Amino acid sequence: MIRHDLTQRLQHAIDALVSEGRLPSGLPRAEIADPRDPAHGDFATNFALVASKPAGKNPRELAEMVREAVTDASVFESIDVAGPGFINFRLTPGYIAGWLTPLLAEGEQLAHAAGRDNPSPKRINVEFVSVNPNGPITIGSGRGAAFGSTLCSVLEAAGNTVHREYYINDGVNSEQMRLFAESVKALVEGRPVPDNGYKGDYVQEVASSLTTAGGETVDWFQQQSQALMLKRQHTDLSVFATEFDTWFSEQSLHDRGIVAQDIDELAAKGAADTRPIRNKLKLGKGSVLEDVEIETQAGATEDDGELTPPPSPLPASGEGENATLWLRSTKFGDDQDRVLKRQDGRLTYIASDVAYHKDKFNRPADAEKLITILGPDHHGYIGRLHAVVAALEMAPSNNSDAAPLTELEAKLYDSPADRDACQAALARSKEKLEVVIFQLVRFMKEGKPAPMRKRDGNIYAIIDLVDEIGRTVKPNASKAEQQEVGKDVARFFYLMRSHDTTFDFDLDLAERQSDENPVFYVQYAHARICSVIAKAAEAGLTAESNPSLIDHPKELALIKMIADLPYEVSRAAEDYGVHRLATYAIDLARAYHHFYDACRVIQPEHPELSRARISLCVATRNALRSVFSLLGISAPERMDRETN
RNA sequence: GCGGCUGUAGCUCAGUGGAUAGAGCAUCUGUCUUCGGAACAGAGGGUCGGGGGUUCGAAUCCCUCCAGCCGCGCCA
């Protein structure tokens with residue numbers, strides 16, 4: 001809020017210089033930043049350095065001009081030109097303290113003030129977690145849940161409309177789900193589970209909770225067991241403060257018959273066909289296309305070594321009914337064509353994706369933008385998803401002015417118009433769908449990587465992590481209280497680091513040495529504030545904003561920090577760096593502790609000063625609650641240490 | 001081979017092209033007859049993996065090399 005105001009003041013001053021003809025137009029926008037050294041002032045700008053060349057003036061001369069134009073004694077205590085041309089601003093205490101009242105007016109929705117500065121709010125569909133209903137949510141998926149749910153909150157606070165979506169991979173054609181069902185069936189019938197089958201305790205739990213009469217089919221087991229797993233996933237995610245607006249079933253697409261229909265439409269457009277070949281791209285440095293390799297499928301007809309693909313754009317009935325249907329995803333930037341329909345006639349997962357994405361774009365409250373959050377093992381999936389959306393977007397073109405195909409392009413495209421249509425569709429796809437990959441988390445237990453693979457019978461579920469941390473931190477509390485604190489610690493651990501970087505999650509640290517966890521540092525600040533406010537109330541003192549009494553450096557630093565929350569939210573919404581909000585929470589807590597140490601709040605002999613400082617406490621508490629709410633952690637009013 | 005990520009203090013990690021690179025933990029020294037000490041003040045600790053380049057200015061952008069993790073199925 002302060003940054004926004006200062007940026008505007010600076011920009012107005014520059015605009016005035018331009019309209020007076022003292023500076024040329026077309027200069028870069030002014031930006032306000034933190035000075036490297038606080039001794040330089042409260043804020044700084046590098047405008048004179050950046051604009052020096054286009055303005056045709058040397059940086060210091062330009063800085064001097066701007067300094068004079070922006071001067072306002074009620075706002076700036078001093079403005080100095082320093083070094084090569086930085087402009088350092090020192091704000092008056094009155095100006096900073098004056099922000100206390102508007103900050104209080106934002107209440108616990110302070111983070112949402114970021115929405116007012118959003119020039120182009122969007123309707124965004126965010127899909128995350130989306131694992132198979134064949135096991136509990138693992139600690140690996142926990143990162144996706146923590147990151148995804150917080151990103152949604154941040155995007156919302158930044159003024160967008162967000163739809164949270166979970167895609168249930170429950171297709172009857174799924175080989176993994178079939179194997180899961182067969183594993184459960186075997187356990188129920190007292191047989192050993194199949195090779196490579198599912199062996200974890202939770203499989204036994206599913207088997208035990210099924211009531212069977214004997215003779216049930218694998219289909220029945222699949223339906224029953226995945227329904228049970230789904231229910232458990234829903235519950236576990238709720239405990240982990242992760243909720244969804246829509247749980248979308250893959251199978252429902254097949255039930256409506258639209259998967260087969262939609263892929264036929266792709267075939268009609270030339271985005272898919274049944275020729276028994278597959279294109280594979282040979283890519284050089286920087287993914288530059290070097291060559292197109294053609295992989296011949298079994299059953300392809302070859303004469304004299306020369307391939308003659310039968311011209312069958314549509315999967316006709318009768319003979320050839322079971323021919324493989326290919327998505328020609330190489331036309332849309334993917335590195336190889338993908339199978340939509342297998343040789344045995346069953347549809348693949350990616351076929352469902354075609355119908356799923358079409359559905360997402362065509363709902364009544366249609367999303368303008370899709371964000372799909374995937375785990376690190378799915379990074380090869382990005383090109384495929386963009387190809388799927390591009391194939392849907394593609395509109396055949398008859399443009400005859402297009403440049404002729406190069407030799408390489410001729411291997412991929414039917415005509416110049418085909419190439420242009422595909423490339424335009426891919427560009428639209430990349431605008432409308434953003435795939436965000438979060439990186440690997442390695443869980444360390446007793447100094448070694450903890451096993452967490454899905455089929456080794458030793459799954460580490462997110463709910464186990466939450467429960468374990470909760471039991472250690474609050475051994476005497478109720479289950480619900482333990483789960484809350486376990487959730488807080490686990491979420492904060494996940495969220496402290498950028499989603500885009502690999503990190504080690506030290507389970508022993510989270511479980512045993514939780515005192516050292518920064519989440520307690522930030523929550524403690526909140527509890528301390530609540531305690532102070534309660535104590536003040538006992539002395540008959542309540543909050544009353546009075547900026548004229550606020551002038552201590554620690555008070556002013558705290559106000560500046562509080563006012564930065566909407567700015568941090570806007571930044572995080574832009575680049576998805578939601579981890580900075582965890583860092584912000586720590587910095588805000590620290591600023592409060594510094595203030596608390598330097599400025600005594602409750603002083604009955606100075607009631608007006610006390611009331612003013614209490615109002616600063618309230619503003620801090622509101623800001624903490626606001627950022628905690630984004631992070632999905634609780635704001636305890638008291639924290640009583642337990643020993644065990 | 002192609003792609004993604006990583007390399008910053010003893011450890012775990014922040015860092016928006018900007019000025020003398022930061023925090024927590026750990027180590028050491030202090031504050032405190034407390035509005036909650038899960039706090040605060042201070043100290044030591046660095047060839048930002050190596051080398052080139054762009055720039056007035058690079059931990060940050062580009063190239064290259066080294067080291068490590070991960071992914072590239074008619075699985076999902």
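The chains referred to below are lettered A, B, ... by the order of the sequence lines, with proteins before strands, and numbering in each begins at 1. Keep in mind that the numbers below use all heavy atoms, side chains included, and drop hydrogens, waters and symmetry copies. Because the structure is a prediction, the values reported are computed rather than measured.
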Pick base, sugar-phosphate or nothing for [X], based on heavy-atom distances below 4.0 Å to the nucleic acid.
{"X": "A:Ser174", "answer": "sugar-phosphate"}
{"X": "A:Gly284", "answer": "sugar-phosphate"}
{"X": "A:Cys617", "answer": "nothing"}
{"X": "A:Arg338", "answer": "nothing"}
{"X": "A:Leu283", "answer": "sugar-phosphate"}
{"X": "A:Ser52", "answer": "nothing"}
{"X": "A:Asp504", "answer": "sugar-phosphate"}
{"X": "A:Glu637", "answer": "base"}
{"X": "A:Phe503", "answer": "sugar-phosphate"}
{"X": "A:Arg346", "answer": "nothing"}

Please state how far atom [atom1] in [X] lies from atom [atom2] in [N], giving the value in whole angstrom units.
{"X": "A:Leu49", "N": "B:G57", "atom1": "CG", "atom2": "C1'", "result": "8 Å"}
{"X": "A:Lys53", "N": "B:U55", "atom1": "NZ", "atom2": "C1'", "result": "8 Å"}
{"X": "A:Arg600", "N": "B:U31", "atom1": "CZ", "atom2": "P", "result": "20 Å"}
{"X": "A:Asp488", "N": "B:A38", "atom1": "CG", "atom2": "P", "result": "19 Å"}
{"X": "A:Phe47", "N": "B:G57", "atom1": "CZ", "atom2": "P", "result": "21 Å"}
{"X": "A:Gln439", "N": "B:G7", "atom1": "CD", "atom2": "P", "result": "12 Å"}
{"X": "A:Phe438", "N": "B:C5", "atom1": "CZ", "atom2": "P", "result": "15 Å"}
{"X": "A:Glu295", "N": "B:C74", "atom1": "CD", "atom2": "P", "result": "8 Å"}

Does [N] have OP1 or OP2 sitting under 4.0 Å from an N or O in the side chain of [X]?
{"X": "A:His593", "N": "B:A41", "value": "no"}
{"X": "A:Arg278", "N": "B:C74", "value": "yes"}
{"X": "A:His579", "N": "B:G15", "value": "yes"}
{"X": "A:Lys282", "N": "B:C2", "value": "no"}

[M] and [N], which share atom name [atom1], separated by this distance in whole Å:
{"N": "B:C48", "M": "B:G22", "atom1": "P", "value": "14 Å"}
{"N": "B:A67", "M": "B:G30", "atom1": "C1'", "value": "43 Å"}
{"N": "B:C72", "M": "B:U64", "atom1": "P", "value": "25 Å"}
{"N": "B:G7", "M": "B:G15", "atom1": "P", "value": "10 Å"}
{"N": "B:C66", "M": "B:U55", "atom1": "C1'", "value": "27 Å"}
{"N": "B:G1", "M": "B:U20", "atom1": "C1'", "value": "45 Å"}
{"N": "B:A21", "M": "B:G46", "atom1": "P", "value": "13 Å"}
{"N": "B:C28", "M": "B:G3", "atom1": "P", "value": "49 Å"}

Salt bridge or not for [X] and [Y], using N-O below 4.0 Å?
{"X": "A:Asp337", "Y": "A:Arg278", "answer": "no"}
{"X": "A:Lys474", "Y": "A:Glu481", "answer": "no"}
{"X": "A:Lys282", "Y": "A:Glu293", "answer": "no"}

Looking at [options], which one has an atom nearest to any side-chain atom of [X]?
{"X": "A:Tyr524", "options": "B:C40, B:G36, B:C75", "value": "B:G36"}
{"X": "A:Arg342", "options": "B:C13, B:C75, B:A38", "value": "B:C75"}
{"X": "A:Tyr521", "options": "B:A76, B:A38, B:A39", "value": "B:A39"}
{"X": "A:His594", "options": "B:G36, B:A41, B:A76", "value": "B:A41"}
{"X": "A:Arg580", "options": "B:C40, B:U16, B:C74", "value": "B:U16"}
{"X": "A:Tyr567", "options": "B:C75, B:C72, B:U16", "value": "B:U16"}
{"X": "A:Met639", "options": "B:U16, B:G18, B:A38", "value": "B:A38"}
{"X": "A:Val50", "options": "B:C35, B:G18, B:U16", "value": "B:G18"}
{"X": "A:Asp500", "options": "B:C5, B:C35, B:C75", "value": "B:C5"}
{"X": "A:Ser287", "options": "B:G36, B:C5, B:G3", "value": "B:G3"}

A:Asn46 (side chain) and B:G18 (base): donor-acceptor pair under 3.5 Å | yes
Ring centres of [X] and [Y] under 6.0 Å apart?
{"X": "A:Tyr166", "Y": "A:Phe248", "value": "no"}
{"X": "A:Phe128", "Y": "A:Phe147", "value": "no"}
{"X": "A:Tyr524", "Y": "A:His593", "value": "yes"}
{"X": "A:Phe43", "Y": "A:Phe89", "value": "no"}

Which pair of non-hydrogen atoms, one from A:Leu49 and one from A:Pro59, has the smallest distance, and what is that distance?
-> CD2-CB, 3.9 Å
Assess, by modelled atom type and distance only, whether the side chains of [X] and [Y] contain a donor and an acceptor separated by less than 3.5 Å.
{"X": "A:Tyr349", "Y": "A:Glu175", "result": "no"}
{"X": "A:Gln523", "Y": "A:Asp488", "result": "yes"}
{"X": "A:Glu250", "Y": "A:Asn169", "result": "no"}
{"X": "A:Thr150", "Y": "A:Arg491", "result": "yes"}

Enumerate the protein-to-nucleotides 19-22 of chain B contacts in which both atoms are nitrogen or oxygen and the separation is below 3.5 Å.
unit_1, atom_1, unit_2, atom_2, d
B:A19, OP2, A:Arg36, NE, 2.4
B:A19, OP2, A:Arg36, NH2, 2.9
B:A19, N6, A:Asn88, OD1, 2.7
B:A19, N1, A:Asn88, ND2, 3.3

Checking A:Arg3 against A:Tyr567: charged group under 6.0 Å from the ring centre and within 45 degrees of the axis?
-> yes
Does B:C75 have A:Tyr349 stacked on its base, where the ring centres are within less than 5.5 Å and the planes differ by under 30°?
->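 Ring-base stacking flag not set for A:Tyr349 and B:C75.
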May I ask which nucleotide in the shown strands pairs with B:C25, Watson-Crick or G-U wobble, both distances under 3.5 Å?
-> B:G10
Scan residues 583-606 of chain A for pairs that pass salt bridge (Lys or Arg N to Asp or Glu O under 4.0 Å), counting only residues two or more places apart or in two chains.
->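 Sorted result for residues 583-606 of chain A: A:Asp587-A:Arg590.
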Distances for protein N/O vs nucleotides 64-69 of chain B N/O pairs under 3.5 angstrom?
none

